[in-house]
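To start, the structure itself, in structure tokens.
Index from 1, following the sequence.
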Amino acid sequence: MDPSGASAPRFLTVGHLSKVHGIRGELYVWSLTDHPDDVFVPGAAFRVGDERGRPVDVPVSQLLMNEVRPYRRGYLVRFDGVEDRTAAEFLVGHDLLLPVEQVQDLDEGEFFYHELLGAPVETVSGTAVGSVREVYELAPAHMLEVSRPGREPLLVPLSRPIVHAVERDPVRIVIDPPEGFLDL
């Protein structure tokens with residue numbers, strides 16, 4: 001269970017089926033993983049999901065990737081049983097999900113964003129700031145939305161020098177904010 005009290009997800013979203021490409025059932029996939037070359041390979045099996053990472057009911061319970069090639073900033077893929085544009089159009093707008101147990105193990109210091117939801121945030125001196133309500137993937141730095149009792153939420157860049165540590169057991173985020181940052 002994560003710090004917010006929700007159970008850990010069974011699936012992780014690794015791609016988004018953005019549009020049909022051509023007439024032979026090929027789809028453009030926008031990668032949503034840091035390890036696309038390990039995920040988007042012939043023979044990989046995916047579930048079709050919604051925007052919240054939950055499997056959805058579609059005519060096929062599993063998509064088996066049989067062709068994949070890099071294209072622009074994503075991939076063009078073909079799945080078994082998706083032979084024409086009409087079949088591919090049915091999948092557009094859905095996400096590709098992998099069971100959590102099939103996702104590559106994280107390296108030291110890496111974490112999944114869902115693991116941070118509900119995590120307490122405190123300063124290096126031990127002062128409680130709040131808890132993570134949301135993680136936004138923005139450039140140049142991803143942001144943590146930290147809810148604070150009786151105050152407006154605070155956006156904290158998920159980068160050094162502000163984030164001092166992300167601890168795993170128990171999950172906790174330690175920040176070293178510049179003077180006045182917490183007064184916002």
With clusters defined by side-chain heavy atoms of hydrophobic residues (ILVMFWY) lying less than 4.5 Å apart, directly or transitively, does [Y] cluster with [X]?
X	Y	result
Tyr71	Phe79	no
Val156	Val166	yes
Phe111	Met143	no
Val132	Val129	yes
Ile162	Leu158	yes

What pairs meet the salt bridge (charged side-chain N to carboxylate O under 4.0 Å, His left out) rule with one or both residues in [range], with sequence neighbours excluded?
range	result
residues 11-37	Glu26-Arg69
residues 149-162	none
residues 137-149	Arg133-Glu145

Side chains of [X] and [Y]: closer than 4.5 Å at any heavy-atom pair?
X	Y	answer
Leu98	Phe46	yes
Leu27	Val20	yes
Leu97	Thr13	yes
Val121	Leu154	no

Would you name the heavy atoms of [X] and [Y] that are closest together and state the gap between them?
X	Y	value
Gly74	Tyr28	N-OH, 3.1 Å
Ala87	Glu83	CB-N, 4.4 Å
Val171	Glu115	CG1-O, 3.7 Å
Gly22	Arg85	O-NH1, 2.7 Å
Trp30	Ser18	CB-OG, 3.7 Å

Report the distance from atom [atom1] of [X] to atom [atom2] of [Y], rounding to the nearest 0.5 Å.
X	Y	atom1	atom2	answer
Leu63	His94	CG	NE2	10.0 Å
Leu32	Leu96	CG	CG	9.0 Å
Asp84	Glu89	CG	CD	9.0 Å
Gln62	Arg47	CD	CZ	8.0 Å

message: Under a 3.5 Å distance rule, please check whether Gln102 uses its side chain to pair with a backbone N or O of Pro99 as donor and acceptor.
response: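 Side chain of Gln102 to backbone of Pro99: no pair is present.
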Can you sort out the partners of [X] under side-chain contact (heavy atoms from CB on, under 4.5 Å), two or more places apart, ordered by chain and number?
X	value
Ser131	Ser147
Pro36	Ser31, Thr33, Phe40, Tyr75
Arg10	none

- request: Output all residues satisfying salt bridge (Lys or Arg N to Asp or Glu O under 4.0 Å) with Glu134, sequence neighbours left out; order by chain, then residue number.
  value: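 Not a single residue meets the salt bridge (Lys or Arg N to Asp or Glu O under 4.0 Å) criterion with Glu134.
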query: In chain order, what residues pass the salt bridge (Lys or Arg N to Asp or Glu O under 4.0 Å) check against Asp50, with sequence neighbours excluded?
result: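 Scan of Asp50 (salt bridge (Lys or Arg N to Asp or Glu O under 4.0 Å), adjacent residues dropped) gives Arg54.
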message: For Tyr136, give me all partners under ring-ring contact (aromatic ring centres under 6.0 Å, His included), at least two apart in sequence or on another chain.
response: none
field: Results of side chain to side chain donor-acceptor pair (under 3.5 Å) for Asp80 - residues two or more places apart only
entry: Asn66
message: Just to verify, what does Thr123 make a side chain to side chain donor-acceptor pair (under 3.5 Å) with, not counting sequence neighbours?
response: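 Partners of Thr123 under the side chain to side chain donor-acceptor pair (under 3.5 Å) test: Ser125.
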message: Go through it in stages, so that I can follow the logic: the residues are Val135 and Leu144, the test is side chain to side chain contact (heavy atoms under 4.5 Å, CB included), and I'd like the CA-CA distance, side-chain angles, deciding distance and then a yes or no.
response: CA-CA 5 Å; Val135 180; Leu144 300 174; 3.8 Å; yes
Below 3.5 Å, can you tabulate the donor-acceptor pairs from side chains in residues 173-183 to any protein atom, sequence neighbours excluded?
none

task: Would you indicate whether His16, at its atom NE2, is surrounded by more than 12 heavy atoms from other residues, nucleotides or ligands within a distance under 6.0 Å?
output: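 Yes, enclosed.
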